[in-house]
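These notes concern the structure reproduced below.
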Amino acid sequence: MKALRRVLQSFVVLSFAVVAAASLAQEKKPFEPVVGQSGKDVVWVPTPAATVEKMLDLAKVTPQDFVMDLGSGDGRNIIAAAKRGAHGKGVEWNENMVELSQRLAREAGVADKAEFVQGDMYAADISKANVMAMFLLTENLDKLMPKFLDLKPGSRIVINGFGITGWTPDVTERANGDCGSWCTVHLFHVPAKVDGTWQMPGGQLTLKQSFQKVTGTLATGGNSTPIEGSLKGDEITFTAGNATYTGRVNGTAMSGDVKGGPGGKWSATKK
Ligand SMILES: C[S@@+](CC[C@H](N)C(=O)[O-])C[C@H]1O[C@@H](n2cnc3c(N)ncnc32)[C@H](O)[C@@H]1O
């Protein structure tokens with residue numbers, strides 16, 4: 001009887017040990033992301049490596065840049081930017097993906113430059129970024145667009161595949177090499193905010209802005225001339241009649257040169 005009890009006891013102990021070892025092994029199994037796995041507002045599909053490089057090329061990423069990715073997945077955009085010497089931060093909803101990107105950054109030797117945090121991209125503070133590198137749907141990008149327009153003028157936004165409603169990309173190019181269905185990259189420069197009325201020494205400039213495009217009127221000496229132009233970051237160009245105005249916007253002031261028409265220099269102050 002005693003012998004039978006001892007056998008049973010050792011069987012129970014052994015069974016516990018086997019179960020404990022199995023669950024430990026299961027716990028240790030590294031997380032493997034699956035293409036198409038659900039995300040909070042968009043599923044995970046990785047940007048192909050060739051397209052990541054094209055995005056960073058178009059944005060002309062240098063060690064002086066601070067790059068952010070919203071919905072950073074396994075962290076590849078930020079890790080690639082960090083390999084170019086930039087600092088960056090990825091915001092990702094899925095905790096497992098955050099841990100994976102942190103591990104991949106360590107393995108790539110760029111953990112000091114590439115930070116990954118768990119969070120909702122819609123609540124993320126992106127004000128430190130001067131480059132955004134992302135792969136999101138137009139519906140996500142449209143919701144984020146006001147944040148993008150609040151970035152410092154001249155900040156670059158590069159996006160894999162999708163566009164932002166109403167905002168024409170400044171450049172669209174295709175990646176070379178093995179990029180499957182995701183080869184197209186759009187580049188946008190955040191324009192300075194110029195919408196409104198500006199006082200010029202000899203007249204009044206009224207501008208209506210839609211992203212990087214400007215229309216409006218230049219009123220001088222009782223004449224009102226329609227104007228049309230564009231912005232690339234803080235650089236503004238517009239034509240009024242046969243005159244072309246080029247200049248730089250600095251908050252509530254802008255100034256530059258006039259070619260044709262009256263010629264010379266021009267300046268304006270926001271009213
Ligand atoms: C299409 S993947 C892009 C991944 C990565 N940026 C790339 O280029 O490879 C989109 C990512 O956004 C994440 N995501 C979805 N909704 C999110 C949200 N509200 N906040 C943060 N991340 C989100 C998903 O988990 C997924 O990893």
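In this text, all values refer to a predicted model and were calculated from it rather than measured experimentally. Whatever order the structure lists them in is the order used to number ligands and atoms, beginning at 1.
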* Counting heavy atoms not belonging to Lys232, are there more than 12 under 6.0 Å from its NZ? -> no
Distance-only donor-acceptor hits, side chain of residues 256-265, under 3.5 Å, sequence neighbours excluded:
{"unit_1": "Asp257", "atom_1": "OD1", "unit_2": "Lys265", "atom_2": "NZ", "d": "2.8"}

* Asked: With a 4.5 Å limit on heavy-atom distance, are the side chains of Gln37 and Met97 in contact?
  -> yes
* State, yes or no, whether a side-chain contact exists between Tyr245 and Met200 at a heavy-atom distance under 4.5 Å. => yes
* To do: Indicate the ring-plane relationship of Phe211 and Trp167, choosing parallel, tilted or perpendicular according to the 30° and 60° boundaries.
  => parallel
* Return the orientation label for the Trp182 and Phe162 ring planes: parallel under 30°, perpendicular over 60°, tilted otherwise. => tilted
* **Atom-level proximity to ligand 1, residues with heavy atom under 4.0 Å** => Gly39, Lys40, Asp41, Val42, Val43, Trp44, Val45, Pro46, Thr47, Asp69, Gly71, Ser72, Gly73, Arg76, Asn77, Glu92, Trp93, Gly119, Asp120, Met121, Phe135
